[in-house]
Each structure stands twice: as structure tokens, then as C-alpha cells.
Visitor: 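First the structure, which I've put down as C-alpha cells, then a few questions once you've had a look.
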Amino acid sequence: MPEMSRNKLATFALVFGALFFAAGIAGAQHDGHGHDQGTAHTEQVQDADGHAGQNQAEDHAEEALAGHQHDMDAHEAHGDGHGEEHGGSMPHLPNLLVFMAGWFPDAAHFLHEWTNPIYAFIVVILVSIFFINLRSSLSARKPSRTQMATELVLGGLYGLFQQIIGPTARRYTPYLGSLFLFILLNNLFGLVPLGHAATSAFNTTTFALGALTFFVVQGIALKENGIGGYLHHMAGSPKTGMDWGFSILLFPLHLLGELIKPISLALRLFGNIFGEDTLVATMVLLGAGITYGLTGSDFVPGIPLQFPFYFLGLLSSTIQALVFTLLATVYIALWLPHGDHGEEHGH
Amino acid sequence: MDGNILGLALPIGLGMAAIGSGLGLGKAIEGGMNAMGRQPEAIGQIQTAMIIGCAFIEALTIYALIATILLMGNL
């Protein structure tokens, strides 16, 4: 039993590394694509420097739009329009890297471009350290509290996958479980002060997760069905001559469906987490704006209007992590031969 | 204020999407709750299926939200 848990943990660590790697590659690609934006960013950084560290990274688009808001959030709630290509005027809470960009202006561009991979990396390192530390103290006779809590989480996840996939769920638990932990911790990181949810960016994190899931699902499908079975399934599992005729129509439909799945997964996660973060940031701005309007002083903290939304954030972070994982599980289950098109899971 | 028609269209469109998926979510959760009340021993399975269904319904609002975010640059 201890050997099995150790294997499980080792696989977790490996899959975490793969997740981070995918996120990094996607980030690098984004970096390559964003050359024309690069100039805009450096401009923005210079602009921010001009503000002498008072408002580190303010987007000038927002500056032009809402010059008065600028002063409202001067001390604690910088509405740094960080949302690169999705809407330049989205409020976003400052994270640690924004402050670091203020301290090290040379690295500001790099930090801005790589915010999401860096935060994903921080999460991966934290979780890896946790599991590696836990590994040395694993014991079947006398489990520690941490071990029991971890086993509770892993067992719960395994039970959930078993409900959907069936007895072979054991094989897929490492990937799906680490997907869940990675997404959940990244989502929760967005609620931590000075933290940033790496999952609130489509092109650096969530698309990488979706693409990784796509390749995993296709790999499992090919392995479980074989090439012939795979193509047969893609053609809508034809049996009679009529079915074979329709399979010409069904094949592109299934192909399109397979390609859309990861994008819809990624968009759902991104939209939810980005929306949630924006909501919290908007409420912070509102609270700071109210106190500024009442007192006219920069040194009065804002009303914590965002507080109730943290609970909403906790809820939606957990649900979105669960939904991403469950949908990936269902996509795997749909490809497994046993359920025969998974009538009970629906399409 | 030289506003763009998008300024009116985006919130209304998002609101309409929210109405639709709100109705859909209400119906899905109603069905799930009824099923749970009728068969409490199957709560786990019903919940899983319900959450997956809710995710698909909710995705429509999220698409509207993303379209809004993308188009906000044109405001």
C-alpha cells in the first residue's frame, strides 16, 4: 500500500511538471506572437515610471478614460489595466509582480509578459514541495494528519472518477487529479492578496490546459480503441449500409466536436475566473472610490466592499476546477469502449 | 458623450444570455433536486450529472461574457 501511494505521488509530481511545461510553452508562443504589443508594453512601463512608483502600472488607456479614478485608488487599489488583449480597461488587482516591476524597471516587461507562467510555476512548486515532504513521512500504520487529509482528497477524487469512468478510473486518476489540484490552487491564488490567478488568462494557461487535455483524451482514445476503432467511432460507429452513408457527414462533425471541446473547456475556465477576479477588483475600486470621495484623503483605506465576493470566489473557484476535471473525465469516458457511446453520460 | 451603439448592445446582450441560462439552470437544478428528493441514495451520481449539465448551460453566458470582453476594446 505505501508503494502504491508513493507511485501515485510520483505520478502527480510528473504530471504537474508536464502541466507547467505546457503552460510555459504556451506562454512563450504568446510572447512570440505579441511582438507588436511589446512596444506598447514598454511604452506603458515608461509611462508608469513617470508616475514615480505611486501608481506602478497604470494602463494609459484607462488613464485617459478615467483620470479622476486614478487618484481614488492611489494608495491601495491600483486599477492597473493589466488585462493585456482582452479589454484594456478591465480593473485588475495588483499582484506581487506589479510591485516588483516597479522596483526593477529593467525586468518590468519580462514580468508583465510572464506573470501567468510565473504564478503557475509558484503553485506547482508549492504543491510539489508539499507532496515531496509528505512522501518522506508516509506510513500505512501510523498516518499523520496531513497524510490523512491528502488521502481524503485523493480518495474523494478517485471515487468521483470511478462513478463516471468505472473500475478503470484508477489509470486516469493521476492526470485528472492533478488537473483538479492545479486548477483549484491557481483559482484560489487569485483571491490571495498579492496573488494572481494564472487561470484568468486564456492564451497562457487555460488554453494550455485544454490542449493538454485534448492530447491526453485523444491518446487514450487511440490506445483503448486502436486506429480502426478510433476511426470507426469518429464515423459515428456505423453498422448498416445506411450508417456508412451517413458516416461521411458524421466524420467532420465528430472531428469538429473533438476540436471544440478543449476550446470550450478553456474558455469556460478563463471566463469564470477572469470574471470573478474582475468583479473583486471592481468592488475594491468602488470601495476605495467611496472613501476617497468622502474624505478626499489618499491614506484612508477603502470600504471592503469586495468581502462578500470572496465567498462567491471560493465557491466558483472550486466549482470551476471540479467542472473542468469532470468534463475531462466525461470526455475520456466517452471514448472508452465499455460504455458503448456512454448513453448514460450524454454527449 | 459620443457613445457607440456597442455600449448599449453589450450589456443588453449579456443580460439576455444571462436570462436564458438562468432559466436553463433553474430547470436543470429543479430536475436534479426533484430526483435527489425522490432517490436520496443516488445523490452522488445525480449531483455529478447535474454539475456537468450546469457547466454546459453556464458556458453560454460565459461565451457572451467573453464576446463582451473582446468587443469592449471597440467601445
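Each chain gets a letter, A, B and so on, in the order the sequences are listed, and its residues count up from 1.
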Visitor: In chain order, what residues pass the side chain to side chain contact (heavy atoms under 4.5 Å, CB included) check against A:Ser317, with sequence neighbours excluded?
Guide: A:Asn187, A:Leu188, A:Leu191, A:Glu276
Visitor: State which residues pass side chain to side chain donor-acceptor pair (under 3.5 Å) with B:Thr61; sequence neighbours excluded, sorted by chain then number.
Guide: B:Ser21
Visitor: Begin from the C-alpha positions of A:Val323 and B:Ile52 and carry the test side chain to side chain contact (heavy atoms under 4.5 Å, CB included) through to its verdict.
Guide: CA-CA 6 Å; A:Val323 158; B:Ile52 292 169; over 6 Å; no
Visitor: Does A:Thr278 have any side chain to side chain contact (heavy atoms under 4.5 Å, CB included) partners at least two apart in sequence or in another chain, and if so, which?
Guide: A:Met90, A:Pro91, A:Phe274, A:Thr282
Visitor: Just how far is it from atom CG of B:Leu60 to atom OG of A:Ser264, taken to the nearest 0.5 Å?
Guide: 9.5 Å
Visitor: Provide the closest heavy-atom pair for A:Gly275 versus B:Leu65 in the form atom of the first, atom of the second, distance.
Guide: CA-CD2, 4.5 Å
Visitor: What heavy-atom pair brings A:Leu327 and B:Ala55 nearest, and what distance separates the two atoms?
Guide: CD1-CB, 4.4 Å
Visitor: Which residues, numbered in order, of residues 22-51 of chain B come under 4.5 angstrom of chain A by heavy-atom distance?
Guide: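 So far as heavy atoms go, B:Gly44, B:Gln45, B:Thr48, B:Ile51 are the residues that approach chain A to under 4.5 Å.
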Visitor: Taking the cut-offs as 6.0 angstrom to the six-membered ring centre and 45 degrees off its axis, would you call A:Arg268 and B:Tyr63 a cation-pi pair?
Guide: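 No, A:Arg268 and B:Tyr63 do not form such a contact.
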Visitor: Counting only heavy atoms closer than 4.5 Å, note whether A:Leu267 contacts chain B via side chain, backbone, both or neither.
Guide: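 For A:Leu267, the contact with chain B is made by backbone and side chain together.
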